[in-house]
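Reading through the structure tokens given below for one structure.
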Amino acid sequence: MSEEKSNKKAIRKAVLLDADYITRKDRAVIRLIMKGKKMFQLYDGNFSPYFYLDGEFPDNFNDARMVGKEKVKKIVLGKEKEVWKIVARHPREVPELREAIKQFGETYEYDIPFAKRYLIDKDLFPFMELKYEREGKKLTRIISKTKKDSSLKDFNTLVFDIETYNPQGIPREKQDPILMIGYEENGSLPQKKKLMTSKKLPLDFIEHYEDEKSMLEGFTQKLKEKDIEILFGYNSSAFDLPYMRARADALKTNFLIGRDSSSFKIQNRGFYTVAKVNGRMHLDVYPIVRFFGIIGALKITSFTLENVYAEMSGKRKMNVEKMKIWELWDQKPEVLAKYCSADVMATSEIIKRFIPTIFALSKTVGLSLFDISSSTSSLLVETLLMREASKENMVSPNRPKGYDPTPIKGAYVKLPEPGVYENMIVFDFRGLYPSIICSHNVDPFTIDCEGEAFVSPLGHRFCKDKMGLVPKVLGKILELRAECKKKLKTLSRNSEEYEKINAMQQALKILANSFYGYLLYVNSRWYSRRCGESITAWGRYYISETAKKAEERGFKVLYIDTDSLFILLGDKKKEEALSFLDSINCELPGNMELEFEGFYPRGVFVSKKAEEKGAKKKYALLGEDGTIKIRGFELVRRDWARIAKDTQKSVLEIILKEGSKEKAVKLVKDVVERLRTGEVPMEELVIYSTLRKKPGNYDILSPELGAAQKAIARGKKIEKGTLIGYVVTKKGKSISEKAELLEFAQDYDSNYYINHQIIPAVMKILSELGYSEEDLKSWGKQQTLDLFS
DNA sequence: GCGAGCAGCGTACCT
DNA sequence: ACAGGTACGCTGCTCGCG
């Protein structure tokens, strides 16, 4: 039976992937990106843009851009009201029409993208399988929808990476050719790894092309032939794709990678620019990895492909000097080929790790994979809330116009007494803020109500009888996550099902943890200072109450930070601490729960620099299995030289595991000696720091800015956001004068590294083990070097 | 004109 | 372009002294 060109009504099934809209005869038509056996498009012309007005029109009001209006009953800012639903002629006219109408009252939901509006109104989510009726390419009716358990393996995927000639260091797209295109289809099957290039190389994965032009054309052809549905790259939106298109232009050919033989469009989305390809999903892994970094799910300091792969897998991938790629091509092209191939492999590994969570987020939130890939956590929460608001017949609130810039009072952090301790137990509240929100019905529209209420320590009242939208949505997320966790226990690790549910669980965790921040984010629709400050006030209340009760039970509370509690076991048994835990949990409201985090035979808290007081957020704990948990120390910071970090780490390990001050001092002495004799390689002396502003916008000349300025003078391109890796050299007075990028540094200032890096990093810890104040002072005043000679 | 002392800029970290 | 709490190095200013 032929499906083509049939104008008869037909019933079909296919999976929804994304939606956007096109304009036909001045009308906006929704375009659904679907996948049956193949990806295709379906059109729905029966949907119009609209927004709401809470106010009254003058009788004679007329506007050609307004094609309809009706009174509807809605819940607006928590109150039931009659408002006007105003239907616009075309989405692009909505802003203008709203301008014309806003004088008559408060307008709402005028800034929701049209396709997003469609998905929300129809309650459609990506990866739903739709059973629908169509006439040709027109969708006439959705008969049913079911959530589909799609994952990466259901798609034809291609991961790619290009290498370019760069005799000037940075490749120039008008003249420097693309040398190779490495790619891999459908996961990491070795036989699917290939490399397109114009040199004939004795490697089994080479696909030879006559020249650069035919290689580019071959790539486009490949996407078509293999019917690629998801195209992955690393930083491909900013580099690979634009470069390929520029080369195609220069070579007078096309770069039409879309299913409809279009090219791609660069979209600016907040932080990131992403390249949108029609009819295929292009997903740039770089912004995805950045997202995981920003929310703290991936704790790394640099987001280069090399570093992400190394940190994620613990393996090192083959690397080459970027500046010398052109030389490799000329002299050792097979090395370059292997490198390119290694980049593809690394990208592919990163995809395996992160894309399942992106799928889970997409299914849960209802944004397409492409949208999720450039999303922020606030957008995720907001989309969830808007969808639920729509179901509850609520109008989504507008973003706040003005706000109080003074921050609200946040978490409680207890000042620790510096010292080395034995036998500590750490408890923490499981999802403290999310559980407070749900257990106390914290919502911008349940606040300050009459009647029964949860009263926050600040006196804000959250009513008990009407559940707010925020706790309702968050509660569902928490419930779903609990179900996932339960199911995971019944599954064997490494199974496909486990992976999928684990990814879902991770996605739900990301979402749950984003609600508190969202409520205080100044551009959020549900912004509420009073909710935010109530949450932290409850947080402070519960953690300090718990500490108080621990003290009453005879435990010494060493340290508290936000939701975690460090207690000293003293002469008590572990069981006693655990029964204390139970007693706390009996009294906690709702889904709040204190958890046993761990037992630590030994731990160290240090004092603040140049002060007797303890330092907060800086400690090291030795676990029962011998692992050491380190927080806040210089050694976890990227703006300290590796030599200092490594030394500090060794000192910590010696102190915690062996308790030997002498051994630690000996080690420090050796390092100082190596520094003094110039044996330490430059790489261990690099200090990394980001220029968060434009180089010209600083009031103060910091070392990293000094290094950057000198590099700029030598023709390097350095802009806002660049990570500067510098070495402190001998030349100059101030540190900023001495600082040079690693690549330009000729020598290093051993005095600086000894007195400003090694000594401060280790003295803190050593001083907790018997170094007296006198020792400390004499270290500071005397020639530091003498002490070590 | 110069060094000591200090405030505040700036970054990265913790939960 | 999700929050607030915190440490701390460095710069560049003020101040006191000469």
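Chain identifiers are assigned alphabetically (A, B, ...) following the order of the sequence lines, protein sequences preceding nucleic acid strands; residue numbering begins at 1 within each chain. This structure is a prediction, so every number in the text was calculated from the model and none was measured.
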Residue closer to the 5' end of DNA chain C, A/Ser514 versus A/Val413 (nearest nucleotide): A/Ser514
message: Within the 4.0 Å heavy-atom criterion, would you say A/Val636 contacts the bases, only the backbone, or no part of the nucleic acid?
response: sugar-phosphate
message: Check the phosphate of C/dT6 against A/Lys616, side-chain N and O only, distance under 4.0 Å to OP1 or OP2. Yes or no?
response: yes
message: If you count every heavy atom of other residues, nucleotides or ligands that lies below 6.0 Å from A/Lys693 atom NZ, does the total exceed 12?
response: yes
- request: Quick one: label A/Ser378 by what it contacts on the DNA or RNA (base, sugar-phosphate, nothing), any heavy atom closer than 4.0 Å.
  value: sugar-phosphate
query: Which part of the nucleic acid does A/Tyr433 contact within heavy-atom distance under 4.0 Å: base, sugar-phosphate only, or nothing?
result: nothing
message: Which heavy atom of A/Phe580 sits nearest to which heavy atom of A/Thr546, and what is that distance?
response: CZ-O, 3.6 Å
task: Using atom NZ of A/Lys414 as one end and atom P of C/dT6 as the other, report the distance to the nearest whole Å.
output: 14 Å
- request: Determine the contact category for A/Phe633: base if any of its heavy atoms lies under 4.0 Å from a base atom, sugar-phosphate if only primed atoms, P, OP1 or OP2 are that close, otherwise nothing.
  value: nothing
- prompt: At under 4.0 Å between heavy atoms, what does A/Asn523 touch on the DNA or RNA strands: base, sugar-phosphate, or nothing?
  reply: nothing
Check: protein-nucleotides 5-7 of chain B nitrogen or oxygen pairs below 3.5 Å:
none

task: Report the distance from atom CZ of A/Phe429 to atom C1' of B/dC14, rounded to the nearest whole Å.
output: 18 Å
query: Name the one of A/Lys509, A/Gln505, A/Gln506 that satisfies side-chain hydrogen bond (donor to acceptor under 3.5 Å, both in side chains) with A/Thr357?
result: A/Gln506
Nucleotide C/dC2, atom P - distance to CG of A/Leu474 in whole Å: 18 Å
query: Which part of the nucleic acid, if any, lies within contact of A/Gly517, taking any heavy atom under 4.0 Å across all strands shown: a base, the sugar-phosphate backbone alone, or nothing?
result: base
- prompt: For the pair made of CG in A/Leu380 and P in C/dA1, what is the distance, rounded to whole Å?
  reply: 16 Å
message: For A/Glu545, is there an ion pair with A/Lys548 - N to carboxylate O distance below 4.0 angstrom?
response: yes
message: What is the separation between atom CD1 on A/Ile294 and atom C1' on B/dC13, rounded to the nearest whole Å?
response: 15 Å
message: Check this one for me: any side-chain N or O of A/Lys693 less than 4.0 Å away from OP1 or OP2 of B/dG10?
response: yes
query: Charged N to carboxylate O under 4.0 angstrom, A/Glu597 versus A/Lys629?
result: yes
field: Side chain of A/Arg692 (C-beta onward), nearest among B/dC14, B/dA12, C/dG4
entry: B/dA12
task: Can you tell me the distance, in whole Å, between the CG atom of A/Asp561 and the P atom of C/dA3?
output: 18 Å
Between B/dC9 (P) and A/Asn697 (CG): distance, integer Å: 15 Å
message: Tell me whether A/Lys731 is salt-bridged to A/Asp747, with the criterion being a basic N under 4.0 Å from an acidic carboxylate O.
response: no
query: Atom CZ of A/Arg638 and atom C1' of B/dT11: how far apart are they, to the nearest Å?
result: 9 Å
- request: Consider only side-chain N and O atoms of A/Arg269 and A/Ser375, and report whether a donor and an acceptor are under 3.5 Å apart.
  value: no
Give each protein N/O atom lying under 3.5 Å from an N/O atom of nucleotides 8-13 of chain C, with the pair distance.
from, atom 1, to, atom 2, distance (Å)
C/dC8, OP1, A/Lys618, NZ, 2.8
C/dC8, OP1, A/Lys764, NZ, 2.6
C/dC8, OP2, A/Lys609, N, 2.9
C/dC10, OP1, A/Tyr752, OH, 2.6
C/dC10, OP2, A/His756, ND1, 3.1
C/dT11, OP1, A/Ser736, N, 2.7
C/dT11, OP1, A/Ser736, OG, 2.8
C/dG12, OP1, A/Leu701, N, 3.2

- prompt: Is the shortest side-chain N to carboxylate O distance from A/Arg117 to A/Asp111 below 4.0 Å?
  reply: no
statement: When every non-hydrogen atom of A/Ile560 is compared with those of A/Leu565, the smallest separation belongs to CG1-CD1, 3.5 Å
query: OP1 or OP2 of B/dA12 sitting under 4.0 Å from any side-chain N/O of A/Thr690?
result: yes
query: When we call it a touch if two heavy atoms are under 4.0 Å apart, what does A/Leu379 touch: a base, just sugar-phosphate, or nothing?
result: nothing
- request: Could you check whether A/Ser689 gets within reach of a base, just the sugar-phosphate, or nothing at all, counting any heavy atom under 4.0 Å?
  value: sugar-phosphate
message: Under 4.0 Å, heavy atoms only, any strand: does A/Ile295 hit a base, just the sugar-phosphate, or nothing?
response: base
task: Compare side-chain N and O positions of A/Tyr412 against OP1 and OP2 of B/dC14 and report whether any pair is under 4.0 Å apart.
output: no
field: A/Lys730/A/Asp749 salt bridge by N-O under 4.0 Å criterion
entry: no
query: Any ion pair linking A/Glu533 and A/Arg540 (charged N to carboxylate O, less than 4.0 Å)?
result: no
